[in-house]
Structures are given as structure tokens and as C-alpha cells.
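For reference, the structure discussed in these notes is given below.
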Number of protein chains: 2
Amino acid sequence: MIQFQNKEYRCSMEVTLELIGGKWKALILWHLDNNRIMRYSELKRLHPKLTQKMLTQQLRELERDGLINRKVYAQVPPKVEYSLTPWGEKLKPVLSAMCQWGNQYLKGQGLHKEPPQE
Amino acid sequence: MIQFQNKEYRCSMEVTLELIGGKWKALILWHLDNNRIMRYSELKRLHPKLTQKMLTQQLRELERDGLINRKVYAQVPPKVEYSLTPWGEKLKPVLSAMCQWGNQYLKGQGLHKEPPQE
DNA sequence: CTGTATCCGCAAGGATACTG
DNA sequence: CAGTATCCTTGCGGATACAG
């Protein structure tokens with residue numbers, strides 16, 4: 001049994017799910033990984049169903065958990081840049097594996113065809 | 001823009017999230033990957049907060065999407081075994097990467113320490 | 001531009017009872 | 001054992017207004 005932040009976990013998979021699970025986090029992290037640095041408005045455009053409230057909420061949690069950096073420029077109009085921390089960057093294997101799998105699944109017509117052998 | 005099952009996706013990451021996202025699927029798949037074959041009652045014991053309703057629902061979706069097999073033995077009392085399909089097995093890189101990352105994060109005291117160099 | 005703050009609807013998910 | 005079926009609650013997340 002793992003103790004972490006006042007909660008209990010049965011395996012490290014549960015911890016990972018707690019930190020990058022949820023509806024939007026993996027998507028945000030993946031695009032931050034590709035683009036290195038993104039502004040709030042760029043992240044907002046990732047998906048039409050991603051609302052301001054949700055985006056801000058997810059970004060705050062990712063920041064709190066040490067996965068992304070938030071850099072505010074003291075200027076008008078405001079400018080805020082988001083980027084991955086070292087911990088966030090170590091997620092690359094996870095994220096790119098997810099993306100690759102999705103690609104393969106789509107190419108194989110998903111459901112009805114066996115996965116390709118490589 | 002990707003079309004898949006009457007829905008639209010902007011990248012394959014979104015497709016993967018649609019198929020293995022959600023609160024329990026990755027955990028279920030990960031343990032199926034480790035144990036090869038698991039009965040319903042074994043899966044139920046994965047987590048105290050995983051209810052029958054949720055487990056059944058997630059299993060049905062995973063089966064519908066071609067990620068797991070469901071084998072029913074015609075006997076009393078009933079016996080049902082779940083296992084990964086070839087598509088499900090191709091998720092191993094994703095799942096083990098997630099598990100590894102969680103381990104590293106925990107060992108590094110998570111938030112406040114830099115990730116280890118390897 | 002990059003956010004907060006509220007209000008609020010609705011569907012995800014919990015609890016319970018029942019079944020082949 | 002491995003589920004359904006049903007009811008009911010909770011809180012996620014949408015909509016809107018406002019601000020530095």
C-alpha cells in the first residue's frame with residue numbers, strides 16, 4: 001500500500017492516473033511536449049469543447065503537481081506561457097506511446113482487424 | 001481531422017483517450033496485462049471503490065472496442081474470464097510506461113525533487 | 001489576453017435489491 | 001458467481017458575467 005498526499009494507492013499506476021488522468025490533462029501535456037511553449041490562448045484552441053474554466057482548472061492542478069511551468073509576463077495585455085517541467089518531460093514515453101497506439105488502431109480500422117505485426 | 005465512429009478527433013491522442021481514458025480502464029488493462037487472465041471477482045477486488053456497476057460498464061466498453069476478450073463458461077456457478085485481445089496487448093508500452101513514471105515520481109518524493117537522471 | 005466567480009443542469013456514478 | 005435493474009445523489013463541467 002502506497003501513501004501519497006493523504007491518499008492510499010495500491011500500485012503506481014493509480015498514482016499516475018491521479019496525476020495525468022482526467023479528461024484533458026494528457027492532451028494538454030502532449031501538445032506542450034510537441035510545442036515546448038504554449039500560451040493560454042493556444043491551449044484553449046486545442047479543442048472546441050475545452051472551456052476556460054476546465055482549462056484553467058487542469059493547468060492549476062498540473063502546476064501544483066509539478067508537471068508544468070507557468071511563466072507570467074508583467075505586461076499589458078497579459079501574456080502567460082506554459083511549458084513542461086523535468087517531471088513533465090519524463091512523461092514523453094507515455095504520451096508518445098499513447099499517440100502511436102491510437103494511430104495504429106485507426107489504421108487497422110480499429111475494431112475489426114487484427115493489429116499489424118512489426 | 002479524423003473521423004471515427006461518428007465522432008471527430010483532432011489527433012490520435014484523442015482517440016486513445018476515448019478508448020482507454022476514464023477512471024478505471026487503464027487500471028483494468030494493466031492488471032489484465034500482468035495476470036493474462038482474470039475472473040470478474042478478481043477484477044472487482046482491484047479497488048474498493050470500484051463498484052459492480054462501474055466494472056461491468058467499463059468491461060463492456062473495452063469489449064465493444066476490441067481491447068479485451070470475454071469468455072463465459074457454461075457452468076454453475078458461472079465463471080467468466082477476461083483477457084487482452086491483440087489490440088489490448090499492444091497497449092503494453094503505454095501501460096508499463098505509465099507505471100514506471102508513477103514509480104519514479106514517488107521515489108523522487110514527487111513534487112519537490114528533480115527527476116533522477118539515468 | 002488571461003483569467004475569477006457564480007449559478008445551475010444533468011449525466012456519471014453510488015446504493016440497493018434482485019436473478020439465472 | 002457474475003451480473004441486471006432501479007432509484008437517487010453528487011459533483012463535474014457548461015454558461016455567463018466580470019476583472020486586472
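Letters go in sequence order (proteins before strands), and every chain restarts at 1.
- Considering only side-chain N and O atoms, A:Y82 lies under 4.0 angstrom from the phosphate OP1 or OP2 of C:dG3.
- In this entry the distance linking CZ of A:R45 with C1' of C:dC1 reads 11 Å, nearest Å.
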Notebook entry, point to check: Where do A:K7 and A:E14 land on the salt bridge (Lys or Arg N to Asp or Glu O under 4.0 Å) test, with the steps shown first?
Noted result: CA-CA 11 Å; A:K7 295 186 181 176; A:E14 291 182 16; over 6 Å; no
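- Dashed line: the shortest gap from a side-chain N or O of B:T56 to OP1 or OP2 of D:dG3 is not under 4.0 Å.
- Taking OG1 of A:T16 as the reference point, atom CG of B:L95 lies at 10.5 Å (rounded to 0.5 Å).
- For A:L43 and C:dT2, the CG to P distance is 9 Å, given to the nearest whole Å.
- For C:dC1, the OP1/OP2 oxygens have no side-chain nitrogen or oxygen of A:R39 closer than 4.0 Å.
- Atom CG in A:L55 sits about 16 Å away from atom C1' in D:dA15, given to the nearest Å.
- Rounded to whole Å, the distance from CD on B:Q58 to C1' on D:dA2 is 17 Å.
- Annotation: of the two residues near DNA chain D, B:E42 and A:L50, the 5′-most nearest-nucleotide partner is B:E42.
- Across the protein-nucleic acid pair, B:L59 atom CG and C:dG13 atom C1' stand 16 Å apart, rounded to whole Å.
- Just one of A:R70, A:M38, A:R39 meets the side-chain contact (heavy atoms from CB on, under 4.5 Å) condition when paired with A:V80; it is A:R70.
- Between B:W101 and A:W87, the ring planes lie perpendicular to each other; the angle is over 60°, past the 30° to 60° tilted range.
- When the side-chain nitrogen and oxygen atoms of B:R60 are compared with OP1 and OP2 of D:dT4, one or more of them lie within a distance under 4.0 Å.
- Within the 4.5 Å cutoff, the side chain of A:I28 has heavy atoms near those of the A:L43 side chain.
- For B:R70 and D:dG3, the shortest distance from a side-chain N or O to OP1 or OP2 is below 4.0 Å.
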Checklist line | Nucleotide-resolved protein contact map, nucleotides 15-20 of chain C, B/S/- at heavy-atom distance under 4.0 Å | finding: B----B
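- Residue A:K23 is in sugar-phosphate contact alone, with no base atom involved, counting any heavy-atom pair closer than 4.0 Å across all strands shown.
- When the local axes at the two ends of the helix from C:dC1-D:dG20 to C:dG20-D:dC1 are compared, using 5 base pairs at each end, they differ in direction by 60° after rounding to 10°.
- Using a 4.0 Å heavy-atom criterion, one finds that A:K44 contacts no nucleic acid atom at all.
- Within 4.0 Å (heavy atoms only), B:Y73 reaches no atom of the nucleic acid at all.
- Using cut-offs of 30° and 60° on the angle between ring planes, the pair A:Y9 and A:F4 is tilted.
- Residues B:P86 and B:K90 form no side-chain contact, since every pair of their non-hydrogen atoms from C-beta on lies 4.5 Å or further apart.
- With C:dT2, C:dG14, D:dG14 as the choices, the nucleotide that has an atom nearest any side-chain atom of B:M54 turns out to be C:dG14.
- Using modelled atom types and a 3.5 Å distance limit, the side chains of A:Y73 and A:E81 yield a donor-acceptor pair.
- Distance check, rounded to the nearest 0.5 Å: CG of A:L59 to CG of A:L67 gives 11.5 Å.
- Counting to the nearest Å, the C1' atom of D:dA2 and the CD atom of B:E63 are 14 Å from each other.
- For A:K49 and C:dA11, the NZ to P distance is 12 Å, given to the nearest whole Å.
- Taking 4.5 Å as the limit, some side-chain heavy atom of A:W24 sits within range of a side-chain heavy atom of A:K49.
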